Asks: 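Got a structure for you, questions after.
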Amino acid sequence: MATPVLAAHEIRPARFWASTNGKKAVMAITGAILLLFVIGHMLGNLQIFEGPEKLNDYGHFLHSVPEILWAVRGVLTISVVLHIWASVELVVRKTKARPVGYAQRDNVASSYASRTMYWSGPILLAFVIYHLLHLTAGAIHPGGEFVPADVYHNVVTGFQVWYVSAWYVFSMVLLGFHIRHGAWSMFQSVGINHPRHTPILKKAALVLAVVLVAGYISIPISIMLGIVK
């Protein structure tokens, strides 16, 4: 019996995904999409410092065009799923390649951020789920009544609860570590790797991570200190 011949377009995507480089490229692309969202989301959230009307107008604007909103949510959901899927398969492949651990592991060449990438990811996923239930769906809102049309009220009352703010700050610090390593390594994953450029990319990733963490945690900290009421 003759072996069926697959068309080139049927073979290449499968081979791409099956390869280690393909999975790394998927992680890089989806990571870049998620990073752009993180930046945009922070800029939108910082409007809380301009008062209730400004932040609520921003919230109303996002929901005024549901087609775009749900399209963005769809892209983000697919990106998250592919990002996690690729990372899990890479970990499994790495474990199978070296089933016996190092007798004495040398961490000199790797940063703390890179060593925490795989366990910080699940924690961040748990945070995203909680965050959506807390400030998007309002299913969990220990600060008091959740008001669907009042974003400012929900954010302020939500972060007035100390353990909610502490969980948020902790998660954003982990996000910073994740971005610190991922933002520059995604260039390496797609083949952009040069001794001259890598140190610059690492410094840029560090600056970006610090700016994002500072921007995000400034909100719960300002609310806990009574600066934002």
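Not measured: the values here are computed from a predicted model.
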Asks: Do Tyr152 and Glu53 come within less than 4.5 Å of each other through their side chains, counting heavy atoms only?
Replies: no

Asks: In Å and rounded to the nearest 0.5 Å, what is the CG to CG distance from Leu175 to Leu34?
Replies: 10.0 Å

Asks: Ring-plane angle category for His134 and His141, please: parallel below 30°, perpendicular beyond 60°, tilted otherwise.
Replies: tilted

Asks: Would you please test Leu62 and Ile68 for side chain to side chain contact (heavy atoms under 4.5 Å, CB included) and show each step?
Replies: CA-CA 9 Å; Leu62 292 179; Ile68 296 178; over 6 Å; no

Asks: Hey, does Trp162 have a side-chain heavy atom less than 4.5 Å from the side chain of Trp167?
Replies: no

Asks: Hydrophobic cluster membership, with links at side-chain heavy-atom distances under 4.5 Å among I/L/V/M/F/W/Y: are Met172 and Val128 in one?
Replies: yes

Asks: Is the count of non-hydrogen atoms from other residues, nucleotides or ligands lying under 6.0 Å from Phe49 atom CZ greater than 12?
Replies: yes

Asks: Taking side chain as C-beta onward, heavy atoms only, is Leu135 less than 4.5 Å from Phe159?
Replies: yes

Asks: Is Leu69 linked to Ile78 within one hydrophobic cluster, defined over Ile, Leu, Val, Met, Phe, Trp and Tyr using a side-chain heavy-atom separation of less than 4.5 Å?
Replies: no

Asks: Quick one: hydrophobic cluster around Val81, which other residues, with the 4.5 Å side-chain cut-off, linked directly or via members?
Replies: none

Asks: Locate the shortest heavy-atom distance separating Gly22 from Ser19; write the atom from each residue and the value.
Replies: N-OG, 2.9 Å

Asks: Taking atom CG of Asn45 and atom CD1 of Ile48, what is their separation to the nearest 0.5 Å?
Replies: 8.0 Å

Asks: Which pairs would a plain distance check flag for residues 210-221, meaning a side-chain donor or acceptor within less than 3.5 Å of a matching protein atom at least two apart in sequence or in another chain?
Replies:
from, atom 1, to, atom 2, distance (Å)
Tyr216, OH, Val38, O, 2.6
Tyr216, OH, Met42, N, 3.1
Ser218, OG, Gly215, O, 2.6

Asks: With a cutoff of under 4.5 Å between side-chain heavy atoms, which Ile, Leu, Val, Met, Phe, Trp and Tyr residues group with Met27?
Replies: Leu90

Asks: Are Tyr58 and Val151 packed together at the side-chain level, in the sense that at least one heavy-atom pair is separated by less than 4.5 angstrom?
Replies: no

Asks: With sequence neighbours left out, write down each residue that passes ring-ring contact (aromatic ring centres under 6.0 Å, His included) with His83, or none if nothing qualifies.
Replies: none

Asks: Is there a side-chain contact between Val164 and Tyr130, using heavy atoms and a 4.5 Å cut-off?
Replies: yes

Asks: Does the separation of the ring centres of His153 and Phe146 fall below 6.0 angstrom?
Replies: no

Asks: State whether the side chain of His131 and the backbone N or O of Thr136 hold a donor-acceptor pair below 3.5 Å, judged by distance alone.
Replies: no

Asks: Going through the checks in order, is the side chain to side chain contact (heavy atoms under 4.5 Å, CB included) test met by Ile39 and Leu208?
Replies: CA-CA 9 Å; Ile39 295 172; Leu208 177 62; 4.3 Å; yes

Asks: Can you tell me how far the CG atom of Leu132 sits from the CZ atom of Arg73, to the nearest 0.5 Å?
Replies: 8.5 Å

Asks: Grouping I, L, V, M, F, W and Y whenever their side-chain heavy atoms are under 4.5 Å apart, do Trp70 and Val72 come out in a common cluster?
Replies: no

Asks: I need the minimum non-hydrogen distance between Gly176 and Ala209, along with the two atoms involved.
Replies: O-CB, 3.3 Å

Asks: About how many Å separate CZ of Arg180 and CG of Leu174, when rounded to the nearest 0.5 Å?
Replies: 15.0 Å

Asks: Could you state whether Leu206 and Val173 fall into the same hydrophobic cluster, counting links through intermediate Ile, Leu, Val, Met, Phe, Trp or Tyr residues with side-chain heavy atoms under 4.5 angstrom apart?
Replies: no

Asks: Determine whether Thr20 and Arg93 make a side-chain contact, defined as any pair of heavy atoms from C-beta on separated by less than 4.5 Å.
Replies: yes

Asks: If you link ILVMFWY side chains whenever their heavy atoms are less than 4.5 Å apart, which other residues fall into the same cluster as Val147? By chain and number, please.
Replies: none

Asks: Quick check for you: to the nearest 0.5 Å, what is the distance between Thr30 atom OG1 and Trp85 atom CH2?
Replies: 12.5 Å

Asks: So Ile123 and Phe170, side chain to side chain contact (heavy atoms under 4.5 Å, CB included) or not? Walk me through it.
Replies: CA-CA 10 Å; Ile123 296 176; Phe170 171 71; 4.1 Å; yes

Asks: Does a sphere of radius 6.0 Å around CG in Leu225 hold more than 12 heavy atoms from other residues, nucleotides or ligands, not counting ones at 6.0 Å or beyond?
Replies: yes

Asks: Using 0.5 Å steps for rounding, measure from the CG atom of Leu55 to the CG atom of Asp150.
Replies: 9.0 Å

Asks: Using every non-hydrogen atom in the two residues, find where Val26 and Ala86 come nearest and quote the distance to one decimal.
Replies: CG1-CB, 4.4 Å

Asks: Among Leu76, Leu82, Val75, which one satisfies side-chain contact (heavy atoms from CB on, under 4.5 Å) with Ser79?
Replies: Val75

Asks: Only counting residues at least two apart or in another chain, list the ones meeting ring-ring contact (aromatic ring centres under 6.0 Å, His included) with His41.
Replies: Phe37

Asks: Quick check against the 3.5 Å criterion: does Lys23 have a side-chain atom that pairs as donor or acceptor with the backbone of Glu89?
Replies: no

Asks: Do the side chains of Val156 and Lys229 get nearer than 4.5 Å, heavy atoms only?
Replies: no

Asks: Among the clusters formed by ILVMFWY side chains lying less than 4.5 Å apart, do Val155 and Ile129 turn up in the same one?
Replies: yes

Asks: Find out whether Leu124 and His178 are in side-chain contact, i.e. whether some heavy atom of one side chain is under 4.5 Å from a heavy atom of the other.
Replies: yes

Asks: Would you check if the side chain of His63 reaches a backbone N or O of Gly59 as a donor-acceptor pair within less than 3.5 Å?
Replies: yes

